[in-house]
Asks: 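Following this message is one structure expressed as structure tokens.
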Number of protein chains: 2
Amino acid sequence: MSSKPPMRDALVAAAFQLFLERGYEQTTIDDIVALAGVGRRSFFRYFPSKEDVVFPDHERCLADMTAFLASGGDEHEPVGRVCDAARLVLRMYNENPTFSVQRYRLTKKVPGLRAYELSVVWRYERALADYLRGRFAGRPDGTLQADVIAAAVVAAHNNALRSWLRSDGQRDAATEVDHALGYVQSAFGNPPASAAVQVQQQPEDVVVVVSRRDAPLWRVVQEIESALGRD
Amino acid sequence: MSSKPPMRDALVAAAFQLFLERGYEQTTIDDIVALAGVGRRSFFRYFPSKEDVVFPDHERCLADMTAFLASGGDEHEPVGRVCDAARLVLRMYNENPTFSVQRYRLTKKVPGLRAYELSVVWRYERALADYLRGRFAGRPDGTLQADVIAAAVVAAHNNALRSWLRSDGQRDAATEVDHALGYVQSAFGNPPASAAVQVQQQPEDVVVVVSRRDAPLWRVVQEIESALGRD
DNA sequence: CGCCAAGAGGGAACTGAGTCCCCTGAAGTC
DNA sequence: GACTTCAGGGGACTCAGTTCCCTCTTGGCG
């Protein structure tokens with residue numbers, strides 16, 4: 001277990017105090033280190049850039065997510081797995097709601113912080129997409145499907161997250177995210193593994209597909225694709 | 001028609017020459033303006049930041065996209081509409097393939113440029129999502145669906161775009177993008193136009209779809225979706 | 001006890017992006 | 001011909017981020 005450096009927390013606290021009372025761009029690194037009572041050099045020891053102090057826990061969360069995805073679990077369904085990985089991010093936000101809401105207000109106002117947040121979110125999305133690419137290896141459009149599903153999961157997660165943040169943490173974050181991710185799973189298939197689909201090929205350039213009405217759409221599409229003989 | 005300032009183009013040319021021969025971070029603004037034979041102040045007249053010179057045409061393209069989406073077209077199906085909007089971006093890349101490939105190599109290497117590109121892509125995604133939010137107004141999960149579909153369209157577009165850029169522009173960009181967007185439409189869409197598909201509903205919770213083998217997949221999916229009674 | 005190695009923290013100078021203010025000169029316009 | 005206007009330039013300034021080197025502690029070991 002790594003011991004928590006109090007200096008790092010002191011810098012975050014000092015930074016947010018100044019950001020909130022005078023604005024992000026109006027606060028210099030020197031202001032922060034002066035308030036924290038440390039040297040300017042020490043700031044950059046803990047945070048590689050000024051933006052990083054606004055997202056002090058994302059590095060750890062990203063490591064958690066990659067560890068979660070790397071830790072096997074290949075018996076689970078891939079889309080559900082990345083949805084669970086996305087829930088890890090929500091959990092981090094939920095651990096410190098007031099801080100998350102303050103940061104949300106900040107990033108909403110400052111374009112530079114919005115841009116930085118995008119690069120953070122992008123790394124999460126890459127982690128999910130890379131995992132799905134591994135699981136989809138061999139499928140015809142494996143990387144395409146992996147990228148699209150990862151983007152959809154992140155978008156759904158962020159939609160719910162932001163709606164929760166806008167409510168000042170009043171509503172239930174987990175419920176909102178579950179609902180949003182449910183939409184993605186319904187679109188890309190949370191297969192109940194059974195999926196009763198029968199395919200018969202007939203002559204004359206015609207394909208007949210017989211499907212149970214409640215079969216997941218993606219499963220039907222998969223069968224049609226192979227029946228049509230697309231690469 | 002706005003007259004094209006040659007100075008702007010000269011700055012882009014000088015910048016890329018130096019970026020390619022010595023690297024992005026190793027090139028200062030002073031190097032660029034010295035090579036272009038203009039004053040340092042003039043650089044920032046045309047480009048608000050050093051990153052902007054790498055994406056000189058995205059501002060115009062984003063304006064084109066918002067104009068396209070704002071210009072009615074509400075008789076068209078929403079998902080197909082945003083797919084067409086995404087194709088505008090591809091068209092811009094395709095207008096200058098060698099430049100696009102050079103820029104791709106650059107952004108792939110320089111983290112700062114990758115981050116900046118994300119903020120550019122994000123603005124496209126917001127434009128698509130805002131349009132869809134308008135079209136989906138009133139639906140239960142309208143904004144959720146809009147955000148997710150916009151993200152999926154952008155991800156599919158970028159997947160195909162990058163695969164084309166990696167091939168040095170050898171493969172056909174339009175074909176790749178059409179295929180990628182077709183996947184998204186098959187997951188979310190109910191698209192337009194013709195295809196020889198017959199649908200018969202039978203009792204007993206079963207659907208039979210008869211399709212010509214060369215029918216476009218998205219069209220088949222559309223018929224299945226409506227046959228299955230999905231909203 | 002003295003010595004040394006290592007590492008946390010600090011200070012000062014430097015680079016380079018981006019901003020501000022004001023100057024110059026070359027058009028038009030009346 | 002005086003006046004405005006505006007693209008362009010020059011130079012000083014701020015601030016983020018880097019580099020180099022210093023100090024102080026800590027702790028191990030002879």
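In what follows, chains carry the letters A, B, and so on, assigned in the order in which the sequence lines appear, proteins first and then strands, with residues in each chain numbered from 1. Just so it is clear, the structure is predicted and the values come from calculations on it, not from any experiment.
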Asks: Could you verify whether a donor N or O on one side chain and an acceptor N or O on the other, from A/T175 and A/D178, lie under 3.5 Å apart?
Replies: no
Asks: Which nucleotide, D/dG9, C/dG9, C/dG18, lies nearest any side-chain atom of B/E51?
Replies: C/dG18
Asks: Does B/R123 have more than 12 heavy atoms from other residues, nucleotides or ligands lying within 6.0 Å of its CZ?
Replies: no
Asks: Do A/R41 and D/dT18 share a donor-acceptor pair, side chain to base, under 3.5 Å?
Replies: no
Asks: Side chains of B/D52 and B/Y46: any donor to acceptor distance under 3.5 Å?
Replies: no
Asks: 5'-most contact on DNA chain C: B/T27 or A/G37, nearest heavy atom basis?
Replies: A/G37
Asks: So, A/H179 and B/D141: side-chain donor and acceptor under 3.5 Å apart, yes or no?
Replies: yes
Asks: Decide, yes or no, whether a salt bridge links A/R91 with A/D64 under the criterion of side-chain N to carboxylate O below 4.0 Å.
Replies: no
Asks: Between D/dG10 atom C1' and B/D30 atom CG, what is the distance in whole Å?
Replies: 12 Å
Asks: Mind calculating the distance between CD1 (A/I32) and C1' (D/dG17) to the nearest angstrom?
Replies: 13 Å
Asks: Give the nucleotide from the list D/dG17, C/dA17, C/dG9 with an atom nearest to the side chain of A/M7.
Replies: C/dG9
Asks: Rounded to whole Å, please give me the gap between CZ in B/F43 and P in D/dA7.
Replies: 18 Å
Asks: Without decimals, in angstroms, what is the distance between A/L11 CG and D/dA16 P?
Replies: 14 Å
Asks: Mind calculating the distance between CD (A/E25) and P (C/dA17) to the nearest angstrom?
Replies: 19 Å
Asks: Would you mind reading off the distance between B/I29 atom CD1 and C/dT15 atom C1', rounded to a whole angstrom?
Replies: 13 Å
Asks: Report the nucleotide, chosen from C/dG16, D/dG8, C/dT19, that has the shortest atom-to-atom distance to any side-chain atom of B/R40.
Replies: C/dT19
Asks: In whole angstrom, give the distance that lies between atom CD of B/Q26 and atom P of C/dG16.
Replies: 10 Å
Asks: CZ of B/F44 versus C1' of D/dG9: gap in Å, rounded?
Replies: 14 Å
Asks: Closest to the A/T28 side chain: D/dC15, D/dG17, D/dG9?
Replies: D/dC15
Asks: Ignoring backbone atoms, test whether B/Y46 places a side-chain nitrogen or oxygen under 4.0 Å from the OP1 or OP2 oxygen of D/dA7.
Replies: no
Asks: Counting only distance, no hydrogens or angles, is the base of C/dG7 paired donor-acceptor with the side chain of A/R45 under 3.5 Å?
Replies: no
